[in-house]
Enquirer: 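Mind having a look at this structure? Questions to follow.
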Amino acid sequence: MKGKILGVIGHPIEHSLSPAMHRAALRELGLDYPYDKFDVKPEDLGNFVMGAGENFLGFNVTIPHKVEIIKFLNSLDREAELIGAVNTVKFENNARGFNTDGIGALRALEEAGQPVGGKNILILGAGGAARAISFQLAMEGAQISLCNRTRERAGELAADIDEKLDKSAEILDFPLKEKLDEFDILINTTSVGMFPDTDKSPLSGEILQPDLTVMDIVYNPLETKLLRNARETGCRTIDGIAMLVHQGAESLRIWLNVDAPMEAMKKALLDELG
Ligand code: ATR
């Protein structure tokens with residue numbers, strides 16, 4: 001694979017944290033691959049992907065290309081196919097798409113001592129991240145409930161999970177009002193609480209209970225209001241860096257078949273976030 005490169009494509013791309021994280025990993029592993037960011041406009045995506053196999057071992061894909069890129073790939077792995085979005089491309093004989101967001105969330109939960117099989121998991125949101133996470137966790141045997149501001153989108157995701165995995169997902173009204181007694185794990189996939197709206201939370205802290213594990217995929221700030229409320233309630237908390245590091249680690253495994261240096265990656269992200 002000498003001479004091949006890695007990177008991340010998106011538009012805009014300047015704020016991506018992926019280069020810092022992956023460069024730290026490659027340095028730690030002693031692997032000599034450059035990892036750069038590429039600003040690819042939507043109208044240029046097809047040409048970019050079709051010419052990329054020459055130079056790239058693979059790349060990460062971010063907003064707005066995660067769904068659109070599929071039509072330019074030769075094959076998809078099972079998760080990407082189910083989720084309908086790709087965040088990692090690998091070139092071997094041809095271009096194959098993967099989605100490591102769901103597995104990143106799963107590994108973050110496992111790392112925190114929370115295997116998901118048989119657990120009742122409530123997912124807030126119904127966008128791309130919610131899709132990846134709910135499919136992955138449903139495949140692992142979790143019972144998924146969904147709650148989204150726009151109830152219809154949660155309904156569409158639930159119908160898709162039912163159709164593709166033959167599993168039912170309950171829909172709860174937004175905003176949540178009842179105490180979350182029946183759930184083991186709560187995952188926020190909405191952007192509520194993200195900088196600069198750090199005084200906002202997707203739910204009232206009063207409905208949390210101490211047995212709940214609360215994960216937020218927002219990583220800026222590292223401790224969102226939701227996670228602060230959860231910590232003060234006595235919940236186990238998992239911050240957004242955990243999923244970010246684990247989805248990156250899975251991309252590295254796909255490209256290079258390596259065990260990623262998690263600590264070095266996490267440190268690079270924390271440095272980058274200041
Ligand atoms: P991503 O791909 O990161 O999941 P997305 O597809 O834009 O991003 O989804 C964002 C999610 O955050 C959605 O579930 C959105 O709810 P709607 O479907 O109702 O738009 C949710 N979201 C964003 N801002 C919100 C807010 N102020 N209150 C509640 N939910 C919000």
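Just so you know, ligand 1 is whichever comes first in the structure, and atom 1 is the first atom listed for that ligand.
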Enquirer: Please write out which residues are connected to Leu122 in a hydrophobic cluster, directly or through intermediates, given that two of Ile, Leu, Val, Met, Phe, Trp, Tyr count as joined at side-chain heavy-atom separations below 4.5 angstrom.
Expert: Leu124, Leu172, Leu176, Leu180, Phe183, Leu186, Leu203, Ile207, Leu208, Leu212, Val214, Leu226, Leu227

Enquirer: For Glu156, is there an ion pair with Arg153 - N to carboxylate O distance below 4.0 angstrom?
Expert: no

Enquirer: Around ligand 1, what residues show up once you keep those with a heavy atom under 4.0 Å from it?
Expert: Gly125, Ala126, Gly127, Gly128, Ala129, Asn148, Arg149, Thr150, Arg153, Phe174, Thr190, Ser191, Val192

Enquirer: Under 3.5 Å, sequence neighbours excluded: what are the donor-acceptor pairs made by side chains of residues 133-142?
Expert:
{"unit_1": "Ser134", "atom_1": "OG", "unit_2": "Ala130", "atom_2": "O", "d": "2.5"}
{"unit_1": "Ser134", "atom_1": "OG", "unit_2": "Arg131", "atom_2": "O", "d": "3.4"}
{"unit_1": "Gln136", "atom_1": "OE1", "unit_2": "Ile103", "atom_2": "N", "d": "3.4"}
{"unit_1": "Gln136", "atom_1": "NE2", "unit_2": "Glu79", "atom_2": "OE2", "d": "3.3"}

Enquirer: Between Asp162 and Lys167, is there a side-chain N and carboxylate O pair less than 4.0 Å apart?
Expert: no

Enquirer: Mind checking side-chain hydrogen bond (donor to acceptor under 3.5 Å, both in side chains) for Asp173 and listing every partner two or more places apart, or none if nothing turns up?
Expert: Arg151

Enquirer: Answer yes or no: is there an ion pair linking Arg78 with Glu81, defined by an N-O contact shorter than 4.0 Å?
Expert: no

